[in-house]
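Report on one structure; see the data block that follows.
The shown structure was predicted, so the numbers you read here are calculated from the model rather than taken from an experiment.
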Amino acid sequence: MKGLAFDVRGSIGHFRRPDTTATQMTYPFITPTAAKGLVGAILGVEDFVTADQVGIELLRPVRTVAQQMSMLGKGTGAAFNRPTTIELLVNPAYRIYYTGEEYTEQLATALAEERSVYTTYLGAAYALTKPVLHRIYPEVVRAAAAEQEIESKSVVPTALIREISLKTDRYYCRAGGYLRHYKGGRTFEKSVDFLYEKDGKSITFIPRADASPELMLAKFGEEFICLI
């Protein structure tokens, strides 16, 4: 199975948590559904639904700032300004690993030609980004869950972890409530929680042998990447 990795960077980003209303909070890094949405925008597929899988690596430390913005709308009659406190990600940067049988070839071609059909952004229209191809992997191999430690540069679904090997120079964080599957028509199914290192350093753990097959551990070259 072929795979690829591409990078996205920006000065700000915002991946809104659906459970926040008056104050708009952000997830600490790009969501898997947003990462797949970027692929749909690149390829020009509206309402992009796919069984292909993605993994996410943090290329910069997670930093956030609260900002009050003047939003428009949701009033009757003429539009009005609506002061809203919003949490933004500062200087976000991610490496998106992508593999699957549906769109990998088309995506590799589009990224190699630096071509995108729709505008790409980091969760909000004011957070523009340009995807850049990092590397193509001719063969992505599913890694068997052996009873041994592995080290991954990607964020790790907590359901994939049997035991963590803690290191003193790591700042471990948990991020919960990410939507797992996009079913089309603005509907989602299931959720997933992640363990990540705030500065983007690798995480060492023993994977669960009985984890859901939807949470795949794969080798991109010599790197272990967690896919959903």
Could you tell me which residues satisfy side-chain hydrogen bond (donor to acceptor under 3.5 Å, both in side chains) with [X], sequence neighbours excluded, listed by chain and number?
X    : answer
Q67  : none
T120 : none
S152 : S154

In Å, rounded to the nearest 0.5 Å, how long is the span from [atom1] of [X] to [atom2] of [Y]?
X    : Y    : atom1 : atom2 : value
I206 : L160 : CD1   : CG    : 12.5 Å
R174 : Y196 : CZ    : OH    : 11.0 Å
K167 : I203 : NZ    : CD1   : 10.5 Å
M25  : Y27  : CE    : OH    : 12.0 Å

My understanding is that a hydrophobic cluster links ILVMFWY residues whose side chain heavy atoms are under 4.5 Å apart, including indirect links. Using that, what else belongs to the cluster containing [X]?
X    : result
V140 : M1, Y97, Y137, M216, F220, I225, L227
V117 : Y118
Y182 : V49, L179, F188

Verify, without hydrogens or angle tests, whether [X] (side chain) and [Y] (backbone) share a donor-acceptor contact under 3.5 angstrom.
X    : Y    : value
S191 : Y178 : no
T26  : F15  : yes
K201 : D169 : yes
R16  : T20  : yes

Would you list the pairs meeting salt bridge (Lys or Arg N to Asp or Glu O under 4.0 Å) in which at least one residue belongs to [range], sequence neighbours left out?
range            : value
residues 83-103  : D7-R95
residues 49-70   : E57-K153
residues 122-143 : E114-K130

Y94/T129 under side-chain contact (heavy atoms from CB on, under 4.5 Å): CA gap, chis, key distance, verdict | CA-CA 11 Å; Y94 312 107; T129 188; over 6 Å; no
Is there side-chain contact between [X] and [Y], with heavy atoms separated by less than 4.5 Å?
X    : Y    : value
F205 : C226 : yes
I96  : I30  : yes
E214 : K190 : yes

Is the number of heavy atoms from other residues, nucleotides or ligands within 6.0 Å of CD (E46) greater than 12?
-> no
Is Y171 atom OH crowded by more than 12 heavy atoms from other residues, nucleotides or ligands, each under 6.0 Å away?
-> no
Residues passing the side chain to side chain contact (heavy atoms under 4.5 Å, CB included) test with L111, sequence neighbours excluded, are L4, F6, I42, L107, P131, L133
Can you list the residues that meet the side chain to side chain contact (heavy atoms under 4.5 Å, CB included) rule with A124, with sequence neighbours excluded?
-> H14, Y126
Intermediate values then yes/no, side-chain contact (heavy atoms from CB on, under 4.5 Å), F194 and V156 = CA-CA 5 Å; F194 288 100; V156 182; 5.9 Å; no
Charged N-O contact under 4.0 Å between R170 and E197 = no
Determine, for R17 against D19, whether the closest basic-nitrogen to carboxylate-oxygen distance falls under 4.0 angstrom.
-> yes
Taking it one step at a time, do K198 and L58 satisfy side-chain contact (heavy atoms from CB on, under 4.5 Å)?
-> CA-CA 8 Å; K198 184 176 72 68; L58 309 185; over 6 Å; no
Pair listing, ring-ring contact (aromatic ring centres under 6.0 Å, His included) test, anchored in residues 39-58, at least two apart = F48-Y103
Quick one: do the E149 and T204 side chains pair a donor with an acceptor below 3.5 Å?
-> no
May I ask whether L43 and V132 are part of the same hydrophobic cluster, defined by side-chain heavy atoms of I, L, V, M, F, W, Y residues being less than 4.5 angstrom apart, directly or through others?
-> no
Going through the distances and angles, do V8 and L38 end up as a side-chain contact (heavy atoms from CB on, under 4.5 Å)?
-> CA-CA 10 Å; V8 287; L38 276 175; 4.0 Å; yes
